[in-house]
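So the structure is just underneath, and the comments pick up after that.
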Amino acid sequence: MISPVPGPPSLDLEALFTGEGENQSQSADDLIPARMLNEFTYCPRLAYLEWVQGEFQDNIETKEGTFGHRNVDIPTKKSFDAPDENPDGCSHPAGEGSAVQELTSDSLAARALMLSAPSEGLLAKLDLIELKGSKAVPIDYKRGHVPDVPHQAWEPERVQLCAQGLILRANGYDCDYGELYYIESRRRIRVPFDDALIARTRELVREMRYMASTRQIPAPLIDSPKCPKCSLVSICLPDETNCLRNSVGEGSATETSASIRKLVPARDDALPIYVQDQGTYIGKDGERLKLTPAKSSPLFIPLIQVSQVCLMGNVQVTAAAIRELADRNIPISHFSYGGWFTALTSGMCHKNVELRMAQSKAAFDPQAALSIARGFISAKIKNSRTLLRRHADDKYKGDLDRMADYIQKVEQVDNLNSLMGLEGMAARIYFAGFSRLLRGGDEFNLEGRNRRPPTDPVNALLSFVYSLLTKELTITAQAVGFDPFLGFLHQPRYGRPSLALDLAEEFRPLVGDSTVLTLINNEEVSPKSFIRRAGSVALTETGRKAVIAAYERRMETEITHPIFGYKISYRRLFEVQARLLSRVLLGELDKYPGFCTR
């Protein structure tokens, strides 16, 4: 079901594109691409995510479409003349870079032609145009077979083609019909540009422009068969958003989890690589990364298998490798030799300015920031209590009861200082109980949390794992479109990724502390895994390898989401939670649904 997009009562939308009034001419940034009009006709929410928020993600369908367009996307440098003088403001089709081929003595074909029509408010890159005098026929390439539907074409494709025809008309050509070429069927389907299709196309242009002007993202489709094949489904989260919007409390959300389809992949195929051999040189070799350690033979890793690159200490990366990683949106995380997360190298920042504006507004609104921070801390204390409850004896029931009491109080605090105070008191109880779960003897005795620098092996492990966790959530926050340095619980401070630290709170017990517990109790680390200097303790290179291996196993562990009911890895879960936070900031959800394991 698609929510209708109403027109504004005070704005004369009809005059916007009919040449009446001062809004007749649109700037290039305001023109609607014909491809986005296709998306809007298919799903208004998809068009908003792509056009307004700048989201995009490939899947097999988009890859197949790109491959099918490989010929028409390669222009040659030859120009041709328009039949008549172009109207003011229209782009001239004789621009350099258009691909022109002579079909007969009096006809031409042009590929990959970019045209605009400000009077229509439209812009398009036309796959192929066949020209004969002043007559023009746009041909649009489509993946798949000819559909068995009326007109032998879906409405979004017909509207997109009609938009191209309107652009050609505005540029002085006679254009009465276009054709859709279905690649797998190898057939052309003629689409006449009749009055009904033209009126529908212009109506959709007006609705799409109004949708963008409202800055209100359309509601997700409900149980739509369109969602599973949509490349943005893991960004849109249609079923998850509808579930949380329609539920009053946690219980009712859980009851509706059976209706949530598993549209989000459980895990990524690509994985991080960690490089800590000092003096290693990283370069690019075709479609692979070439890692050349100082004292051993090179190692080649296909780029398609890499999700991020983590550098520990003195590791060199070539400019070509950095550029390729940035083009593929593969971040480079920089750590000190001791394991402190110090920097992040990535491509251009996410385009979603709307989300960053909402984040800034909420961060500087004390009540809004407090509401979001409560969700982080409540989930953290619940998860801490769950970890203790699973492993502790009944004699520690008093500690569990006190932590349950703190959870109730979190919902009643009226300022961040009180919230941080409750978190601190719960943490003291938690770490006292956590120390009793460790089986490493005196060598792994935890007297309390300390850092900068840690003074015992357990705190050294916790600090390093928390550093890895902060790195992970900094990358996630930036990928979703947030500013990782602007938080709600952790106040902004120079050099501190406050939002990443916020998002990490609920996962410290589940990922960080659980990893440390496994390392010690399974004897994956020993006293030889640590270096002691001047009262501080740090991991050796061998110790870091053991920690990274255990951490990555934990990140790839699949757990059942308590609200949505499907299985998902922790790494993928980080992205889901960050996107749910974005839905809160943009007004789709009333409350941040912290992740609480059962």
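These numbers come from the heavy atoms of this one structure, side chains and all, not from hydrogens, waters or symmetry mates. Starting from 1, each residue takes its place in the sequence as its number. Note that the structure is a prediction, hence the values are computed from the model and not measured.
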Hey, is Lys380 close enough to Glu505 for a salt bridge, meaning N to O under 4.0 Å?
yes
Check this for me, if you would: do Lys409 and Asp405 make a salt bridge, where the nitrogen-to-carboxylate-oxygen distance has to be below 4.0 angstrom?
yes
Would you kindly say whether Tyr274 and Glu552 are connected by a side-chain donor-acceptor distance under 3.5 Å?
yes
May I ask you to decide if the ring planes of His561 and Phe595 are parallel, tilted or perpendicular, using 30° and 60° as cut-offs?
perpendicular
Report the C-alpha separation of Val317 and Val309 in whole Å, then their side-chain angles, then the decisive distance to 0.1 Å, and conclude whether the side-chain contact (heavy atoms from CB on, under 4.5 Å) test is met.
CA-CA 10 Å; Val317 188; Val309 178; 6.0 Å; no
Inter-residue atom distance Ile429.CD1 - Tyr406.OH, 0.5 Å rounding
4.5 Å
Would you indicate whether the side-chain heavy atoms of Arg245 and Leu589 approach each other to under 4.5 Å?
yes
Kindly say whether His334 contributes a backbone atom to a donor-acceptor pair with the side chain of Thr342 at under 3.5 angstrom?
yes
Has the side chain of Ser371 got a donor or acceptor atom that lies under 3.5 Å from a matching backbone atom of Gln367?
no
Where do Leu355 and Gln53 land on the side-chain contact (heavy atoms from CB on, under 4.5 Å) test, with the steps shown first?
CA-CA 8 Å; Leu355 177 57; Gln53 295 189 349; 6.0 Å; no
Lys471 and Gln308, any side-chain heavy atoms less than 4.5 Å apart:
yes
Asp365 bridged to Lys361 by N-O distance under 4.0 Å
no
Spell out, as yes or no, whether a donor-acceptor pair under 3.5 Å connects the side chain of Asp502 to the backbone of His490.
yes
For Val516, run the side chain to side chain contact (heavy atoms under 4.5 Å, CB included) check against Val547, Asn459, Leu461 and tell me which one passes.
Leu461
OH of Tyr551 to CG of Leu468, rounded to nearest 0.5 Å, is 5.5 Å
Classify the side-chain pair Asn314/Gln316 by whether it contains a donor and acceptor separated by less than 3.5 Å.
yes
If only atom types and distance count, is the side chain of Arg571 paired as donor or acceptor with the main-chain N or O of Met555 below 3.5 Å?
no
Ion pair Arg328/Glu287, N-O distance below 4.0 Å:
yes
Donor-acceptor pair, distance only, cut-off 3.5 Å: does the side chain of Arg45 make one with the backbone of Cys236?
yes
Taken to the nearest 0.5 Å, the spacing of Leu370 CG from Asp414 CG works out to 7.5 Å
Does Gln278 use its side chain to pair, donor to acceptor, with the backbone of Met312 at less than 3.5 Å?
yes
Step through the shown structure and confirm whether more than 12 heavy atoms of other residues, nucleotides or ligands are within 6.0 Å of CG on Asn415.
yes
Run the side-chain contact (heavy atoms from CB on, under 4.5 Å) test on Gln577 and Tyr592 for me, step by step, so that the C-alpha distance in whole Å, both residues' side-chain angles and the decisive distance to 0.1 Å come before the verdict.
CA-CA 9 Å; Gln577 291 301 116; Tyr592 174 68; 3.1 Å; yes
Considering residues, nucleotides and ligands other than Glu411, do more than 12 of their heavy atoms fall under 6.0 Å from its CD?
yes
Under 3.5 Å, side chain of Ser296 to main-chain N/O of Pro293, donor-acceptor pair present?
no
Given side-chain contact (heavy atoms from CB on, under 4.5 Å), test Lys382 with Ser378 step by step and report yes or no.
CA-CA 6 Å; Lys382 287 178 182 178; Ser378 177; 3.5 Å; yes
Are Leu510 and Leu387 close enough that some pair of their side-chain heavy atoms sits under 4.5 Å apart?
no
Student check: side-chain heavy atoms of Val233 and Pro238 closer than 4.5 Å
yes
If I compare all heavy atoms of Arg261 with all of Pro228, which pair ends up nearest, and what's the gap?
NH1-CD, 4.1 Å
Do the side chains of Leu289 and Ile273 get nearer than 4.5 Å, heavy atoms only?
yes
If I take atom OG1 from residue Thr557 and atom CG from residue Leu573, how far apart are they, to the nearest 0.5 angstrom?
12.0 Å
Rounded to the nearest 0.5 angstrom, the OG-CZ distance for Ser333 and Phe341 is 5.0 Å
Can you check salt bridge (Lys or Arg N to Asp or Glu O under 4.0 Å) on Lys567 and Glu558, steps first, answer last?
CA-CA 6 Å; Lys567 286 192 173 182; Glu558 291 186 10; 5.7 Å; no
Pairs flagged by side-chain hydrogen bond (donor to acceptor under 3.5 Å, both in side chains) wherever residues 427-437 is involved - sequence neighbours left out:
Tyr396-Arg436, Asp399-Arg436, Tyr430-Asp513
Please examine the side chains of Phe574 and Leu503, heavy atoms only from C-beta on, and report whether any two atoms are closer than 4.5 Å.
no
Any side-chain hydrogen bond (donor to acceptor under 3.5 Å, both in side chains) involving residues 533-548? Give me the pairs, sequence neighbours left out, ordered by first then second residue.
Gln276-Arg544
Flag side-chain contact, heavy atom, 4.5 Å: Leu489 against Glu423:
no
Drop me the distance from Glu324's CD to Ile322's CD1, to the nearest 0.5 angstrom.
12.0 Å
If we ignore angles and hydrogens, is there a donor and acceptor under 3.5 Å between the side chains of Ser346 and Gln478?
yes
Below 4.5 Å, heavy atoms only, C-beta onward: do Thr597 and Glu506 meet side chain to side chain?
no
